[in-house]
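Computed from a predicted structure; not experimentally measured. Each ligand, and each atom within it, is numbered from 1 in the order the structure gives.
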Amino acid sequence: MKFIVKLFPEIMIKGGPVKKRMINMLNENLRTLLFRIDDSIEIKRFFDKIEVQTKDEFTDSVRKVLQQTPGIEQYLEVVQYETGDDLEAIAEKVAEHNLNLINGKTFVVRAKRNGEHQVTSSEIERFVGSYMYKHGESAGVDLRNPEVKVEFELIQNTLNVITKRQSGLGGFPIGMQGDVLSLMSGGFDSTVASYLTMKRGIKTHFIFFNLGGAAHEVGVKQVALYLWSQFGASHRVQFISVPFEEVVEEIFRSTHESYMGVTLKRLMIMASEKIAEVMGIDALVTGESVAQVSSQTLRNLAIIDEVSNKLILRPLATMNKPEIVKIADKIGTREFAENMPEYCGVISKNPVTNGSFSRMAKEASRFDYDVLEKAVEQSITIPVDKIIEDVNTTAPVEVVNTPDGAIVIDIRRESEASHAPLDIENVNIPFNELNRTYKKLDQSQQYLLYCEKGVMSQLHAQYLRDAGFENIRVYRPK
Ligand SMILES: Nc1ncnc2c1ncn2[C@@H]1O[C@H](COP(=O)(O)OP(=O)(O)OP(=O)(O)O)[C@@H](O)[C@H]1O
């Protein structure tokens, strides 16, 4: 199968050298991603498109990459036949893929030709056109204003017939716009904000502030890994985890209740700025959206902005919640967001909605910034692609590799579990039903959670531990 990759229109209108750099970058990114599938996949760069040629067994994997790689406007799927310039064979194959498209419609046939042939392009077009007219139920040929354009190419002896057009993500190739550090809580907003920066071609690193829950950290790592592997895996990025429990304690000690929420956000921005500085990053990203919650009024956002000289991008600033949720649905982060614990609630009681700059300064002067300094010093950075190993080695809940009398619960979705069943006895309780179902199980038994990568099982085992269940561990076969 061959794919023809068309670039995002905003790339095509750039000046020559910039356009060339962008196409080269997309070519590089595709090379990195597709060679991970198989190094026999061929990628060819042209001045206005990229072509990918693959063995049929890799077609689905290649499609997935093309759908999820920023910079691609659409891709065409092309089926290839060795017809030479045998007009009858060409017409038959073109008709096979196009006859149903011209039913009741006017059409035109357009052929591109490259190589030595006995026939000209217009002879081929006329032959195929009349064959399709004879065998189909079209409304006739219209050379000027056709409703359907039947396109194919004859390159040497190979006939390329376009069978499908599929939209891509659009945006710019990652690597063209520098790096940002995205404040990631794992909720709807920060996951969508991070996706939008990735789609715009920005290398997006993640920073997470742990307010006191091991499950939250595992959950955020998991969604960061998901986002990266779906949309950004052409480049290595970092995940930074900052222990913020003591910062929260210090906020409680020093700050009036109504300013705690805004203070927490200011401190997250200050810590992010320090870390971004070390990483050579100019901009931070948050999932804040004007008026969504009390800390996100224009005044409070301005009070938050005051603490940093970095550019703060807020891709969702003017979006409505339903639009954000729709994107989360489309990119697959809704499920993660819905399963993410909230640790912020306690700090958002009776929040000020229209904070005062001078009052904020007074509140801020009572805070001991050594505590923040220490949190930054204790931050831990790991490459996102090492998250699975990290979660499995630094797991808060014990991991075992033999059941030893415990009952194994496979928490994958039913379809995944039946597609690749475990080879030992187990029960299937999909993770989204676990919280509701677990308490109904016989609590005199020991249970082991299983999932494919060991991240989701670790996350849910930790939730259950937090909820007071001690008979739970993680199963990870050798
Ligand atoms: N624990 C955290 N670690 C990193 N960033 C955070 C954390 N909590 C909040 N943020 C950042 O602050 C933004 C606003 O957070 P807040 O909790 O006020 O709103 P939210 O709308 O619930 O955000 P989200 O849906 O992303 O959780 C988030 O989108 C995220 O960018």
Side-chain angles (χ1 to χ4, degrees), residues 180-198 204-224 227 238-248 251 259-276 283-297 300-301 303-305 307-308 310 312-329 331 333-349 351-353 355 372 375-376 379-381:
V180 291
L181 187 56
S182 179
L183 281 74
M184 179 63 127
S185 64
F188 280 98
D189 301 330
S190 48
T191 54
V192 171
S194 303
Y195 160 73
L196 291 173
T197 54
M198 290 160 96
T204 303
H205 304 265
F206 304 98
I207 183 164
F208 165 65
F209 296 94
N210 196 335
L211 307 180
H216 194 186
E217 174 153 344
V218 176
V220 175
K221 278 181 174 164
Q222 189 193 27
V223 72
L227 274 173
Q238 306 294 333
F239 183 97
I240 299 121
S241 176
V242 189
F244 241 42
E245 294 94 329
E246 287 175 20
V247 171
V248 172
I251 294 177
Y259 276 77
M260 283 182 180
V262 178
T263 299
L264 175 63
K265 292 288 144 54
R266 281 164 56 105
L267 293 165
M268 286 182 183
I269 294 289
M270 287 167 85
S272 303
E273 177 175 46
K274 286 175 198 290
I275 290 167
L284 308 177
V285 177
T286 80
E288 287 156 324
S289 164
V290 173
Q292 194 182 91
V293 292
S294 61
S295 62
Q296 296 170 17
T297 60
N300 286 353
L301 289 174
I303 290 178
I304 294 170
D305 266 22
V307 295
S308 173
K310 293 280 176 206
I312 302 181
L313 295 176
R314 295 185 168 94
L316 313 187
T318 59
M319 275 194 200
N320 301 322
K321 195 76 186 185
E323 293 171 65
I324 299 168
V325 172
K326 205 165 147 199
I327 300 179
D329 266 336
I331 63 175
T333 55
R334 182 194 191 116
E335 212 165 52
F336 294 99
E338 283 176 346
N339 277 280
M340 210 59 67
E342 275 278 355
Y343 285 95
C344 242
V346 63
I347 215 159
S348 318
K349 269 193 205 152
V352 63
T353 48
L372 185 70
V376 171
S379 65
I380 293 175
T381 301

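For ligand 1, the atoms sitting less than 4.0 Å from at least one non-hydrogen atom of Q296 are 14 (C), 16 (P), 18 (O), 19 (O), 21 (O), numbered in the order shown with element in parentheses. Under a 4.0 Å criterion applied to the non-hydrogen atoms of G187, ligand 1 contributes the atoms 24 (P), 25 (O), 27 (O). Distances below 4.0 Å separate heavy atoms of T286 from the following atoms of ligand 1: 31 (O).
Ring geometry, F208 versus F239: the interplanar angle falls from 30° to 60°, so the pair is classed tilted.
Between D189 and K321 the shortest side-chain heavy-atom distance falls below 4.5 Å.
Residue contacts with ligand 1 for M184 involve N, CA, C or O but no side-chain atom from C-beta outward (heavy atoms, distance under 4.0 Å).
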Item checked: Evaluation steps, side-chain contact (heavy atoms from CB on, under 4.5 Å), between F244 and L267 -> CA-CA 10 Å; F244 241 42; L267 293 165; 4.2 Å; yes
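In summary, of the residues considered (V285, V180, I269, L301), a side-chain contact (heavy atoms from CB on, under 4.5 Å) with I312 occurs for I269 alone.
On a distance-only criterion, I207 and ligand 1 share no N/O pair closer than 3.5 Å. Of the N or O atoms in L211, none lie within a sub-3.5 Å distance of an N or O in ligand 1. The distance criterion of under 3.5 Å between nitrogen or oxygen atoms is not met by H216 with respect to ligand 1. For the pair K265 and ligand 1, the shortest N or O to N or O distance falls below 3.5 Å.
Heavy-atom separations between T191 and ligand 1 are all 4.0 Å or longer.
Under the side chain to side chain contact (heavy atoms under 4.5 Å, CB included) criterion, E273 pairs with S308, N309, K310, sequence neighbours left out. Contacts of E338 classified as salt bridge (charged side-chain N to carboxylate O under 4.0 Å, His left out), with partners at least two apart in sequence or in another chain: R334.
In terms of modelled atom types and a separation under 3.5 Å, the side chain of H216 and the main chain of S185 share a donor-acceptor contact.
Distances from atom 29 (O) of ligand 1 to the heavy atoms of G261, G287, S185, S194 put G287 nearest.
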